[in-house]
There are 2 protein chains.
Amino acid sequence: MKTIAIGELSRQASVKVPTIRFYEERGLLPRASRTEGNRRTYGAADVRRLRFIRHARELGFEIEDIRALLDLAEQPERPCGEVDAIARRHLADIDDRIARLTGLRAEIRSMLDQCSQGRIRECRIVEVLADHGECLHEEH
Amino acid sequence: MKTIAIGELSRQASVKVPTIRFYEERGLLPRASRTEGNRRTYGAADVRRLRFIRHARELGFEIEDIRALLDLAEQPERPCGEVDAIARRHLADIDDRIARLTGLRAEIRSMLDQCSQGRIRECRIVEVLADHGECLHEEH
DNA sequence: GCTTGCTCCTCTAGTCGCTAGAGGAATTAG
DNA sequence: CTAATTCCTCTAGCGACTAGAGGAGCAAGC
């Protein structure tokens, strides 16, 4: 069984060394076995698992979700409804965030469009910030 | 001069009490004067300033930007170019975030669309997460 | 005057997902 | 054998709060 050190795992999975230790501490990676000199050793399964984690993080899944996805991935006979549900929740979350940001975008654009590059005294941006009533959004 | 307590300021500006203290500590609000019993007292100007801060936060400006905007708002004769620049930077930031989220959204949607509700063994979601090569995005 | 209950005070720690740095030990290359 | 590199643990920091402990001040009702 060939084993690799944490730096090599870091390179193979494109995850920084301290992040790997952080994932171990958070229980996403099993506690690594150690050499005599107390250094962590890893194998091919760890590379796969860490790549899975990294990819899920890139897609914006949070650590709790990833923990659940990893657990599920280890039970290949179970129906994938739970996996689906996690992804669906995440999609809904992303949609929410896009919607909120799109609203903000419209506000900021509108402020900028109204600003006529004069003095701060008559700057619409400052006025809108100062007086909520002047503003487009109503969500409070 | 009528003064109000922190709880009343909290209600009038819709900002929670600990958050007001936090803003004071971060220098967005001046250090409040105190009663004999060491309680903070506020006036109308504080209500206006805090509402400005809250509104800017709702629009997603970060505290450093708000600090700058508050400074600028106090110099009404200056040209509003700097105000504009801050808002413009913020707009660009929001656009970035929307773009990234839109990319993620497409990924997640595509995974979900490919999942045929079978077992985890053949779940496309798990497969895509496990193998980066299967994935749409290329940004790494 | 006294108690009850609310508001306020300070201080610390927790959230999320890392990242950075200190200070030291182990390994590897030359 | 030494120098460079990699690794170890531990602590603290980011942003913008939020939550809670433990205690003091204050207004209203009896």
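Below, all heavy atoms of this structure are taken into account, side chains as well, without hydrogens, waters or symmetry copies. Throughout, a chain's letter reflects where its sequence line sits, starting with A, and its residues are numbered from 1. Keep in mind that what you see is a predicted model, and the values were worked out from it rather than measured.
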Nucleotide nearest Ile63(A) when distance is taken to its side chain, options dC18(C), dT18(D), dC8(C): dC18(C)
Taking [atom1] from [X] and [atom2] from [N], how many angstroms apart are they, rounded to a whole number?
X	N	atom1	atom2	result
Ile6(B)	dC26(D)	CD1	P	15 Å
Ile4(A)	dT28(C)	CD1	P	14 Å
Leu9(B)	dC9(C)	CG	P	11 Å
Glu62(B)	dC14(D)	CD	P	13 Å
Arg54(A)	dC18(C)	CZ	P	12 Å
Phe61(B)	dG15(D)	CZ	C1'	17 Å

Under the salt bridge (Lys or Arg N to Asp or Glu O under 4.0 Å) rule, what pairs show up with a residue in residues 81-99 of chain A, not counting sequence neighbours? Asp65(A)-Arg89(A), Arg78(A)-Glu82(A), Asp84(A)-Arg88(A), Asp93(A)-Arg97(A), Asp95(A)-Arg105(B)
Can you find a heavy atom in the side chain of Arg54(B) that is under 4.5 Å from one in the side chain of Ser14(B)? yes
Which heavy atom in Gly7(B) sits nearest to a heavy atom in Val17(B), and how many Å separate them? CA-CG2, 4.1 Å
In short, Ile120(B) meets Leu72(A) closest at the heavy-atom pair CD1-O, 3.3 Å
May I ask you to decide whether [X] forms a salt bridge with [Y], counting only side-chain N to carboxylate O separations under 4.0 Å?
X	Y	value
Arg31(B)	Glu25(B)	no
Arg109(A)	Asp113(A)	yes
Arg57(A)	Glu62(A)	no
Glu24(B)	Arg21(B)	no

Nucleic acid contacts of residues 19-44 of chain B, taken as heavy-atom distances under 4.0 Å to DNA chain C: Arg21(B), Arg34(B), Asn38(B), Arg39(B), Arg40(B)
Does anything in residues 65-73 of chain A come within less than 4.0 Å of DNA chain D? Heavy atoms only, and list the residues if so. none
